[in-house]
Amino acid sequence: MLLNTKFLRPSPDRRAVRRERLDVMLDASEGKRLNLIIAPAGFGKSTLASQWCAQNTARTAWLSLDTHDDQPRQFWQYLIGAFEHSGLMGLEDAKKQLSQESGDDLTAAITCLINTLSTEGVPWSLVLDDYHVISDDDIHRQLAWFIDYLPPGILITIASRTEPPLPLARWRVRRQVQDLYPGLLAFSEDECLSFFRDTMAMDLTEEEVLSIAQRTEGWVAAMQLSALSGKAGQASQSQSTLTAPIALEGKLISDYVLSEVLDQLPDPLTDFLLDTSCCPRLCASLCNFIRERADSEEMLESLLAQNLFIIPLDNRNGWFRYHDLFREALAARARIINHERAETLQRRTVNWLLSHGHVQEAIGQIVSSQDTERLAQVLAEHGNNLIHGGFHLPVLEWLKLLPEDRVQESPQLMMLQVWGLYFANRVEKLEPILGEVENLLDRQVADSHPDAEGALAIHAELSLMRSYLARSRNDEQNASDLTRQALKDIDHNQIPLKSVTYYGLGLDDFGKGELNDAQEALEAAIRFGQVERKPSTVLSSGGLLAWIQYHRGDTDLALDTTTRIRSWVDEHYSDPSQPRLISCWQNSALTEIYRERNELELAASYLSPLLEHVENGTEPGQHVVIQYVRGHLAFSKGNLETAIECLEDALFVGNKRREHIVFEPPAVSALLARCYLAAGDQAKAMRCIEPAIQHPANNPLNREQNQISLARTLISGGRCREAQDTLSALIPIAERNAHNRHLVEILLVYAEALQQEGRAAEASAMLERALDQAENAGFMRLFAEENDRLKRLLLELPRLRAPGRWNRELLTMLKDQNATLNPLTQEPVTQRATGPSDSEQPSPLVEPLSLREQEVLQLINQGLANKDIAMTMSVAPATVKAHIRNLYSKLGVGRRTEALAKARELGLLDQSP
């Protein structure tokens, strides 16, 4: 006698969130035999399968499995019974064979079932829920044989906490399996909103819901338990007060983890989970060290196979992490069981992390244990490298956790505060602290303090910091003197600050236009930065070096520099738990290089990670550089409105915050004036460029750029002779200093002035010189940014029809530009009918999606949450948010659902997810 309730499909709650994106994936398709829904407890596997069955047109059999079904005869009795209960006729032979066969060979009964399904010839769907309770190898083998020989139209759906030992690899190659894994089952942001508002009837704000969604990572059981806990705690309050954020660390979640997970596991696995719950990330070596065992790799593999809330952090299964709420529940349980052992394990974790270079994670553990003395020791030892590795803001926060007198008595900790404030762009607070450090050093020397021997090292840092402050005040001579003094002190004391000091020298030489000296200093900064393990300094030095190489026309060398630097940083500082380190100079240089090479989408992909720094606030010099590059790219794309907006912002910030910028940023006025000219406003262009001419820049590159823009403006006003005089003076300077990009631009503008005077032959000769110079450097886009008169003159030159890839690509680009650009504004000409027809297609995007944005769009279409998108793309979650903001802006939408609808309307996605 069979238990009929095991055949009853759970009735879907009408208030439950409908997940159409997953329903479509479960639907039958040609060749598919199996849906595999694999996820830990509480991810909504059964609910999803039940909802799908409710709207599925095929006849459906349902079987809820339990531990009693883990023997072959009973398993097949229930499986055949599920079909019979759902209306499949002709199963008498199968049941008869099952009752007559002895042993575990049930092939005849299974064959009868297959034949019956084939004879009926109608589509059937079978759902096996909670298949993880089945461990019998004979059942797995028999089920695999059954699926292999199913007739067309029969679809099996297995819901399980673990991946079953079936021949899945073979079926996947044949495209017979649809996998739904935890990343897909996790609720998206929109689904979380629907869950709390519709299913749980809680009037939370969108911000509160999204915060909970991020915290739970889409684990619906945690969301539901939190909602129930929140409602219970507010039961005595009016409905209108249910908008308060609900707690996520409640006892309900811990009890759920205990009853649904730990109580179902063997003791060795339970012990492993509890022992390693103190680890923010896991690897076999770390687990072996803290547990004093050698079996951690096998344990981790077992957890991964059972989908026990463990998430791989790399493609090699070397590093993992637990779901945050799951780990917190485990840690709370571990402290209850044996508080002393939990403390010991945490100390061992800190020691291992410090010895293996994972300093910020070790500090996180120290902070959680509130051990301020250990925190002070670790910061004094490792804080400088953390700051120069990009973690200045966390260091400042950690310093605030220390007693004030502990910081005030330590020159090392006070200098950490100085460097942290400097990199956080709070330079106005530095002078008083620098004075306090000097006074403290003097007292320690006078008192023969044990730390007095380190006073010279701190003095070198003080000189270096004062040199940066002098640089921000345009006191170049004092900055240079202080930097060189710091370099002498460093050489004498072997202090690991040479990289930062040489970077300062490189900035000084760059500001003075001494590019050879700047390159030499920056190469030294890179070399010492690699020795000192300062990735932030290496990236910044390499980025500025590439920027200089690009402007000198050494584009291939600049790309080689960026590749070399990126490879070193990724090799030594590839940490899946941390955002990828980027440099404003490096990404800006790459944006300019690929923009110049006419690879605009690739250029935009390097610009994109920088945009969130503009939005969230960054050092003003970096702000100006990013907005300059952003405006230049928009100008190249013909988007004058965006270009002008970015450049006006850069000019405003550069003027207002000049005293806080430690280098001279690019010539924003020059590019902005050019944008005004392209928009047809010669008077505004002249008003923009005149102040830059009256107060010449310190950097010769910027002076040249401003002079070139002045010449353009003069030509626009008909003053061609004055423009030629200006340009004639620039040519020998650019040639002597190897400012090759400027030289090409000077020759182009000179040619335009000659052409305006009717001196066509001389103009053509000047253009020939420009082409020769540009081909050597690989420049291309700057030709497309000239006006149509000049481009038509270029197209007439026989030089461009000579063999060669560069000639061919430039000719093609100019022809395309000549056909599609408005001669005045350089903006795309829109060719539209006078009235829309019924078959008119939706308007294309004003600005195309970058490759990264297209990738994000596809992953959104797959239903992935932001965190999963970040993991898939190997980028930081903040970078994904920046891509999504850009995506929404380009599509003109505000939410995911609107973005997908608009993308399908424009043909950017298939009609089905």
Report summary line: All heavy atoms of L559 vs all of T562, minimum pair found to be O-OG1, 2.8 Å
Query raised in the report: Are R630 and Q627 close enough that a side-chain donor and a side-chain acceptor fall under 3.5 Å?
Result: yes
Report summary line: Here the gap from L743 atom CG to R552 atom CZ, rounded to the nearest 0.5 Å, amounts to 13.0 Å
Report task. For side-chain contact (heavy atoms from CB on, under 4.5 Å), just list the numbers for L610 and V629, CA-CA rounded to whole Å, side-chain angles, deciding distance to a tenth of an Å, and then say yes or no. Result -> CA-CA 10 Å; L610 300 177; V629 171; over 6 Å; no
Query raised in the report: What is the ring orientation for Y628 with H632, classed by angle as parallel under 30°, tilted 30 to 60°, or perpendicular over 60°?
Result: perpendicular
Query raised in the report: Taking H739 as the fixed residue, which of Q705, E704, E745 is the one that meets the side-chain hydrogen bond (donor to acceptor under 3.5 Å, both in side chains) rule?
Result: E704
Query raised in the report: So Y502 and F528, would you call those rings parallel, tilted or perpendicular, with 30° and 60° as cut-offs?
Result: parallel
Query raised in the report: How far apart are the closest heavy atoms of A546 and A589, and which atoms are they?
Result: CB-CB, 4.1 Å
Query raised in the report: When you check the gap from the basic side-chain N to the acidic O, do R597 and E809 get nearer than 4.0 Å?
Result: no
Query raised in the report: Got N776 and N740 here, is their nearest side-chain heavy-atom distance under 4.5 Å?
Result: no
Query raised in the report: Are side-chain heavy atoms of L386 and P394 found at a separation under 4.5 Å?
Result: no
Query raised in the report: Heavy-atom distance under 4.5 Å between the side chains of D560 and D556, does that happen here?
Result: no
Query - Geometric class of the H356/W352 ring pair [parallel <30°, tilted 30-60°, perpendicular >60°] - result: parallel
Requested in this report: Kindly indicate, with the supporting measurements, whether the criterion side-chain contact (heavy atoms from CB on, under 4.5 Å) is fulfilled by E599 and I593.
Outcome: CA-CA 9 Å; E599 298 180 52; I593 289 169; over 6 Å; no
Report summary line: Heavy-atom closest pair (I387 atom, G420 atom, distance to 0.1 Å) is CD1-N, 3.7 Å
**Report entry** R741/E592 ion pair, N-O < 4.0 Å
**Finding:** no
Query raised in the report: Heavy-atom distance under 4.5 Å between the side chains of E775 and L771, does that happen here?
Result: no
**Report entry** Whether S608 side chain and A604 backbone form a donor-acceptor pair below 3.5 Å
**Finding:** no
**Report entry** Derivation of the side-chain contact (heavy atoms from CB on, under 4.5 Å) call for H392 and W419
**Finding:** CA-CA 8 Å; H392 51 282; W419 283 110; over 6 Å; no
Requested in this report: Write down the atom of V668, the atom of L651, and the distance for their closest heavy-atom approach.
Outcome: CG1-N, 3.9 Å
Query - Distance in Å, T561 OG1 paired with L557 CG, rounded so as to fall on 0.5 Å steps - result: 4.5 Å
Query raised in the report: Looking only at side chains, do E596 and T555 share a donor and an acceptor under 3.5 Å apart?
Result: no
**Report entry** Side-chain donor-acceptor contact under 3.5 Å, Q365 with T349
**Finding:** no
Requested in this report: Can you measure from CG (L515) to CG (N737) and round to the nearest 0.5 angstrom?
Outcome: 7.0 Å
**Report entry** Interatomic spacing from CZ in R564 to CD1 in I526 - rounded to 0.5 Å
**Finding:** 5.0 Å
Query raised in the report: Is there side-chain contact between L353 and V359, with heavy atoms separated by less than 4.5 Å?
Result: no
Report task. Working to the nearest 0.5 Å, report the span between CD of E532 and CG of N384. Result -> 9.0 Å
Query raised in the report: If every non-hydrogen atom of L857 is compared with every non-hydrogen atom of A903, which pair is closest and at what distance?
Result: CD2-CB, 3.7 Å
Query raised in the report: D649 versus H623: any side-chain heavy-atom pair under 4.5 Å?
Result: yes
Report task. Give a yes or no on whether the backbone of P665 and the side-chain of N702 come within a donor-acceptor separation of less than 3.5 Å. Result -> yes
Query raised in the report: Are R527 and E523 ion-paired here, with the side-chain N under 4.0 Å from a carboxylate O?
Result: no
Report summary line: Interatomic distance, CD1@I626 vs SG@C584, rounded to 0.5 Å, equals 4.0 Å
Query raised in the report: Should we say atom CD of Q530 is surrounded by more than 12 heavy atoms from elsewhere, each under 6.0 Å from it?
Result: yes
Requested in this report: Return the orientation label for the W585 and F510 ring planes: parallel under 30°, perpendicular over 60°, tilted otherwise.
Outcome: perpendicular
Report task. Evaluate side-chain contact (heavy atoms from CB on, under 4.5 Å) for K637 paired with T642, printing each intermediate quantity in order. Result -> CA-CA 10 Å; K637 290 182 175 182; T642 299; over 6 Å; no
Report summary line: Tightest non-hydrogen contact, residues A518 and I548, listed as CB-CD1, 3.9 Å
Query - Note, Y606 side chain near R595 side chain (heavy atom, < 4.5 Å) - result: no
Query - Main-chain N/O of N698 paired with R703 side-chain donor or acceptor, under 3.5 Å - result: yes
Query raised in the report: Hey, does M813 have a side-chain heavy atom less than 4.5 Å from the side chain of R781?
Result: yes
